[in-house]
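Reminder, nothing fancy here: chain letters follow the sequence lines and each chain counts from 1. These numbers were taken from a predicted model, which means no experiment stands behind them.
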Protein chains: 2
Amino acid sequence: MVEFDPITEAHRQWSARWPEHADHMTAITSVMRVQQLLLARVEDVLKPHSLTFAAFEALRLLAFTRHGSLPMGKMGERLMVHPASVTNAIRKLESRGLVERRLSPDDRRVVLATITDDGRAVVAEATDALNQADFGLAGLTREQAAEVTVTLRLLRTTAGDA
Amino acid sequence: MVEFDPITEAHRQWSARWPEHADHMTAITSVMRVQQLLLARVEDVLKPHSLTFAAFEALRLLAFTRHGSLPMGKMGERLMVHPASVTNAIRKLESRGLVERRLSPDDRRVVLATITDDGRAVVAEATDALNQADFGLAGLTREQAAEVTVTLRLLRTTAGDA
DNA sequence: TCCAGGTCCTTTAACGTCCAAGTATCTATA
DNA sequence: TATAGATACTTGGACGTTAAAGGACCTGGA
């Protein structure tokens, strides 16, 4: 099946020149490539629901909360993205009526994003679709998926997460 | 050190509702997050050299070739990105004099990107910097880095790579 | 009371990625 | 030889991300 794997080739090139760094280089390249592939897969599943993965995550997060509402800043923390990304995502969702924005009565600097009934319906369908597709990882057993998470947690902590 | 890990929390939320899909969801989320972290690390190292990771990869690829030159299309294959991304990357490198573009004498549809002496100098320095920083993975042994690659290769093939 | 400093969010600007459409060029076939 | 179909690349648009700067709003100490 595999005729030529660019990542394997890159490792070969690197090994010939800087053998002691080839493994680290290849690990990075693998992460980048896997992310690219999986994002494409997930977005394919989401496309019929007119959601990007970023939009899905924002909606999913709100639906998980007790009152379907969260301050923008909190969303950024939970989604681990820049505040500007939250603004961007919520603006689009709001324009589609899937989310509403209002100022917090307690602190008027704070913007509360609240999922609407339409938003709940959309995210429920999208969630089912992703679950059915196993998030694009239908080829993996639960154990294998869990192993990926464990391996990457080592990488996350090494790279400064949490 | 770890007070609250959004990925662990997301897994908890998912497990409470769709336990049979939580591991796959978490694997995806982990990949996305790790990519984000590592890209940021690598770009920090590259910033003093005024290169993005995409620009570095393009330059590095050209420097590896026999004549320092490759058709745009081939670059897209090797870098595993869309042709438009190659156009984009090469345009910026060309404007900085790190790469030159010329039409192939054999097939005038083909654009050959060629690294310049300046380009070679820049990529050599950037490569040293990345190697010294172990690509942002200084905390990992070579064995651990290799393990990441192996685990992700399973994921790549599952997701349709190669 | 008042103001300096911190916090919350938005805006703007760079960058990267992809898709879809358009142009130029080659190639195989009628 | 002419032409329809493939290929190679670029362009323009949509989307995501971050950094930096600005406006509005708290808050605590003088």
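Annotation: proximity of residues 36-60 of chain A to DNA chain D (heavy atom, distance under 4.0 Å) is found for A/T52, A/A54, numbered in ascending order.
As rounded to whole Å, 13 Å separates atom C1' of D/dT10 from atom CD of B/E94. Look at CZ on B/R102: it is 15 Å from P on D/dC9, rounded to the nearest Å. Taking atom CD1 on B/I90 and atom P on D/dA8, their separation rounds to 17 Å, with Å as the unit.
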**Message:** How would you summarise protein contacts on nucleotides 1-13 of chain C per nucleotide, using B for base, S for sugar-phosphate only and - for none, with heavy-atom distances below 4.0 Å?
**Reply:** -----BBSSBB--
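Using modelled atom types and a 3.5 Å distance limit, the side chains of B/N131 and A/H24 yield no donor-acceptor pair.
An OP1 or OP2 oxygen of C/dG16 is reached within less than 4.0 angstrom by no side-chain nitrogen or oxygen of B/S85. Residue B/K92 places at least one side-chain N or O closer than 4.0 Å to OP1 or OP2 of C/dG16.
In the hydrophobic clustering, where aliphatic and aromatic side chains (Ile, Leu, Val, Met, Phe, Trp, Tyr) are joined below 4.5 Å either directly or transitively, A/V110 groups with A/L112. Taking Ile, Leu, Val, Met, Phe, Trp and Tyr as members and joining any whose side-chain heavy atoms lie under 4.5 Å apart, directly or through other members, A/V150 forms no hydrophobic cluster with any other residue.
B/E100 and B/R102 are joined by a salt bridge, as a carboxylate oxygen and a charged side-chain nitrogen come within less than 4.0 angstrom of each other. A salt bridge is defined here as a Lys NZ or Arg NE, NH1 or NH2 lying under 4.0 Å from an Asp or Glu carboxylate O, and B/E9 with B/R12 meets this definition.
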Can you give each donor-acceptor pair under 3.5 Å made by side-chain atoms of residues 62-79 of chain B, sequence neighbours left out, with the distance rounded to 0.1 Å?
unit_1	atom_1	unit_2	atom_2	d
B/T65	OG1	B/L62	O	2.7
B/T65	OG1	B/G68	N	2.9
B/T65	OG1	B/S69	N	3.0

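B/E125 places none of its side-chain heavy atoms less than 4.5 Å from the side chain of B/P48.
Every residue was checked against the side-chain hydrogen bond (donor to acceptor under 3.5 Å, both in side chains) condition with B/K47, not counting sequence neighbours, and none meets it.
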